[in-house]
Amino acid sequence: MTKEELKNALKDFGSKGKEIADELYKKLESEKETMDTNTRRKTRVFWVVVSVCTFVIGVAVGYLFL
């Protein structure tokens with residue numbers, strides 16, 4: 001997520017949205033700097049797997065109950 005995307009997501013909050021976006025982006029970048037490239041790749045793969053699994057579970061539950 002880029003800083004501009006974050007600002008657009010928070011534009012509903014008014015003028016404080018830009019301040020919040022700047023603060024969140026700084027925290028995100030500082031957290032990224034603490035992890036090496038290999039760790040970030042492993043983390044990304046983990047969250048992709050979790051996302052796919054939760055999507056499949058959601059579709060299955062929707063199919064069963066709707």
Side-chain angles (χ1 to χ4, degrees):
M1 177 176 272
T2 65
K3 190 174 183 180
E4 293 303 316
E5 290 172 341
L6 186 58
K7 282 183 182 180
N8 288 334
L10 294 173
K11 72 179 176 183
D12 294 335
F13 292 110
S15 63
K16 288 201 173 214
K18 290 181 182 179
E19 294 172 12
I20 293 170
D22 290 338
E23 185 178 317
L24 287 174
Y25 191 73
K26 286 177 187 176
K27 286 181 183 179
L28 177 69
E29 288 302 314
S30 67
E31 198 61 36
K32 277 184 172 179
E33 290 173 1
T34 62
M35 292 191 292
D36 62 303
T37 305
N38 195 28
T39 304
R40 281 190 306 210
R41 287 181 181 154
K42 288 180 182 178
T43 303
R44 193 175 302 128
V45 168
F46 169 77
W47 284 113
V48 166
V49 170
V50 168
S51 298
V52 169
C53 289
T54 55
F55 176 76
V56 169
I57 291 169
V59 168
V61 167
Y63 179 76
L64 289 175
F65 293 107
L66 297 177

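Index from 1, following the sequence.
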| message | Clusters formed by hydrophobic residues whose side-chain heavy atoms approach within less than 4.5 Å: which one holds F55, and what are its other members? | response | V59

| salt bridge (charged side-chain N to carboxylate O under 4.0 Å, His left out) partners for E33, two or more places apart | none

| request: If you link ILVMFWY side chains whenever their heavy atoms are less than 4.5 Å apart, which other residues fall into the same cluster as F65? By chain and number, please. | output: I57, V61, L64

| field | Note: E31-K27 ion pair, threshold 4.0 Å (strictly below) | value | no

| Partners passing side chain to side chain donor-acceptor pair (under 3.5 Å) against S30 (at least two apart in sequence or in another chain) | none

| task | List for me each residue that meets side chain to side chain donor-acceptor pair (under 3.5 Å) alongside N38, sequence neighbours excluded, and say none if there are none. | result | none

Donor-acceptor list for residues 39-48 side chains, cut-off 3.5 Å, not counting sequence neighbours:
unit_1 : atom_1 : unit_2 : atom_2 : d
T39    : OG1    : D36    : OD1    : 2.4
T43    : OG1    : T39    : O      : 2.8

